[in-house]
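Here is the structure we will look at, set down as structure tokens.
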Amino acid sequence: MPEKNVTEIEGSVEDIVYRNEQNGYSVLLLCCDGELVTAVGKMTEVSVGDELRLIGGMKVNLNYGEQFSFEYYEQRMPTSASAILKYLSSRAIKGIGAKTAKKIVDAFGDNTLEIMQKQPERLTEISGISRDRAIDIGEQVRKIFGMKEIMVYLTKYRISSLEAVRIWKEYGNSSVTMIENNPYILCRENIGVPFEKADRIAEALGRPLDDPCRIKAGILYIITYNAGNGHTCLPMDRLIGISADFLKTDTENTASAMAELIDDTELICDEIDGRSFVFLPSLYKSEFYSADRIALILKIPPERLAGTEYAVETFEKINNIRYAEQQRRAIIEAMSGGLLILTGGPGTGKTTTLNAIIELYEKFGLKVLLAAPTGRAAQRMSQLTGHEAKTIHRLLEVEWDNNGRPRFSRNERNLLDCDALILDEMSMIDVTLFESVLRALPLGCRLIMVGDSDQLPSVGAGNVLGDLIDTGKIPVVRLTEIFRQSMESLIVTNAHKIVHGEMPEIRRTDGDFFFMEEPDRDRISEKIVALCTKRLTSAYGYDPMNDIQILCPGKKGMLGVTELNKKLQEALNPPGIGKSEVKSPVYVLRVGDKVMQTRNNYDLPWVRDDGTEGAGIYNGDIGIIENIEKTSGSAKIRFDDRVVSYNSDNLANVELAYAVTVHKSQGSEFKAVVMPMYYGAPQLYYRNLLYTAVTRAKEKLILVGNVSTLKKMVDNNKKTKRYSGLRAFLERSEA
């Protein structure tokens, strides 16, 4: 048996316990020096009898014991007659079963596979094998030999198993030639090898630093990386300079490579405000289409609803309500045109205004659909309006391809069935998702976009809400008046102070906004745990699982999400006899834990308490683990009134949620929010992030830490600059 600290093992495959054909994940029993070892990892094809060299390390799985987890592997064809017999008997070759395999190996012995590859016609010497069948077997063996040779080649460059699977699927037997001609093809989106790794391979192959292929790949890497930071484009002069520095080459070579990328339409260049900007084609298309579609709605608006003023007055009388001037303006604007942006901070009456718009639309006989970018935002929208709201992905009937990219069934050829669409939490919607919504929007459909422009921007690329407001072409109603009942809330008034760059009121102890000053980092952590386990529960009766949420600027550090989750789990849900556990990539998850789904999964089955069945759970949904089945690694998690079934693979997308990042909390509200105030990375400590955190609290907001950190966040109005083209494209349109 290999020692626990080994990084490499060799052996033959005795059994394939589990295999996922979609992603190549395999659980194997490997015979190593007469001992059976369980090995887990991703590979292309594998068969009983294969001889493997695996690189990785021994790990202990709480459910299944010791396993060798490999990231890289080398696959060899079996060489001995006995191993070849086992290999062929496992039906690794189509058309050969156990009986035929024995006949072939009895005839050719250790040379069986070589003969099958190089002289397949000799298989006709075996009774029952025709010439056509022999040729077909030969082609299969040559393909398998070629694939395994490629795997050996890739292993020496530390190409991971997952990457190797993608390379083989993309280039097949041409993989080695393609890589040696241009190792930077590995950086392409459908393969996803990091640029640095491709660069090491290129260096090993002796390619120079000024290789045009390298410079082009480096430029694409940098602009793609910046798309991940929210930019849909970059100024050409800036991109050339950054790329030249990163690639350690001169700007002339970089500019030449950039020109070739633009000529080959791998990048697109457009002029904005007298400056050349460079786009990835997909993001350029998203912004250009979105601008054109918005312009079309402005040019050909839906028919104005007759008698809107009278309808609003009647609605006020029936419901015994009097709308403020800005609210009334928003309602009438929604009745009059095809587009409206409704924005404003907490306590300014967005929900009241939105409910009036929905009710009046329905009184006029319009079919209204509601949607938001996340599951929790959609759920909250449903609760506030009393109307069903879906996630945008669900509304557009998403399907996912093999690379995890969305495809929407609702589009230009299958439009949404509605007269008005209301989108909430617009600040969270990136440009590619916005494009998809517009493609599915019927001509003449009204589009109402609701959001707080002072909150954090979308995680994905683009600055949709900000750009649409800045064009000045779309009707925008900004609600600024704080209503009297909301003025009594320090959460509301302090949120407005923060967004205007003023220090919040932190000395009062009789409201809903509290500051607990504590300079010591360890004491901050202790106080946060105490708030969740004792103080807030005893003083206000809050349930730490359902009512209290810790929000952090980031994941790292002693006061980041990861460490606080571990401390809070230990305090709120420690291990116990009979309490099942399962290991996740970061945490130990156990029955009773508060957890969050970290990516959309529309296939996960659920059952409501009333017996209703369905499927789908969303990024940001928070639930409680009710059951863990140790033998299978499966679990059941309750999300409000739904219980969702998870298998061991799906649990990889579940994390502890006693503490979450502010970004993950967008679109949600919690009765009590607690946030550490201890200065960290400047890029995470700024005004909009603090404002977003404060506005997540419904009843109580507690900041724990340093006043100086709070002041730095209030003063830091960095409002991350995002390069985008939507505003410029809309301004130059004919609308």
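FYI, side chains are in, hydrogens and waters are out, and symmetry mates aren't considered; it's all heavy atoms of this structure. Here the structure is a predicted model, which is why all the values come from computation and not from measurement.
- A cation-pi arrangement is absent between Lys712 and Tyr685 under the rule of less than 6.0 angstrom and at most 45 degrees off the ring axis.
- Between Asp211 and Lys216 no salt bridge is recorded (no basic side-chain N to carboxylate O distance below 4.0 Å).
- The shortest distance between side-chain heavy atoms of Glu435 and Arg293 does not fall below 4.5 Å.
- Shortest non-hydrogen contact noted between Pro442 and Cys418 is CG-O, 3.8 Å.
- A donor and an acceptor atom, one from each side chain of Thr374 and Glu425, are nowhere located under 3.5 Å apart.
- More than 12 heavy atoms of other residues, nucleotides or ligands lie within 6.0 Å of NZ in Lys197, so this atom counts as buried by the packing criterion.
- Side-chain contact annotation: Arg380 with Thr385, donor-acceptor N/O pair under 3.5 Å absent.
- Contact check for Ser668 versus Phe670: side-chain heavy atoms found under the 4.5 Å cut-off.
- Taking the six-membered ring for Trp and the full ring otherwise, Tyr184 and Tyr221 have centroids separated by 6.0 Å or more.
- Scanning all heavy atoms of the two residues, the minimum distance from Val694 to Leu701 falls at CA-CD2, 4.2 Å.
- In this structure, CE in Met596 is found 13.5 Å from OH in Tyr658, a value given to the nearest 0.5 Å.
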Full working for salt bridge (charged side-chain N to carboxylate O under 4.0 Å, His left out) between Asp621 and Arg376: CA-CA 6 Å; Asp621 283 352; Arg376 289 185 71 83; 5.4 Å; no

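- Residues Asn706 and Tyr678 have side chains in contact (heavy-atom distance under 4.5 Å, counting atoms from C-beta outward).
- For Ala728 against Ile272, the heavy-atom pair with the smallest separation is CB-CG2, 3.5 Å.
- The backbone N or O of Asn253 sits less than 3.5 Å from a side-chain atom of Asp250, completing a donor-acceptor pair.
- Heavy atoms only, all atoms of each residue included: Leu551 and Met675 are closest at O-CG, 3.2 Å.
- Counting heavy atoms of neighbouring residues, nucleotides and ligands inside a 6.0 Å radius, atom CD of Glu412 exceeds 12 of them.
- Taking each heavy atom of Ser724 and Asn463 in turn, the nearest pair found is OG-CB, 4.0 Å.
- Side-chain contact, Gln455 with Thr692: no donor N or O sits under 3.5 Å from an acceptor N or O.
- In this structure the side chain of Met428 never reaches within 4.5 angstrom of the side chain of Leu456, judged on heavy atoms.
- At least one test fails for Arg439 against the ring of Phe408: distance under 6.0 Å to the centre or angle within 45° of the axis.
- Looking at heavy atoms from C-beta onward, Leu656 lies out of side-chain contact with Val586 at the 4.5 angstrom threshold.
- A ring-centre distance under 6.0 Å is not found for Phe729 and Tyr289.
- Side-chain contact annotation: Ser453 with Arg478, donor-acceptor N/O pair under 3.5 Å present.
- Remark: Lys390 NZ to Gln379 CD distance equals 15.5 Å, nearest 0.5 Å.
- Checked against the 6.0 Å centroid criterion, the rings of Phe246 and Phe195 qualify as a close aromatic pair.
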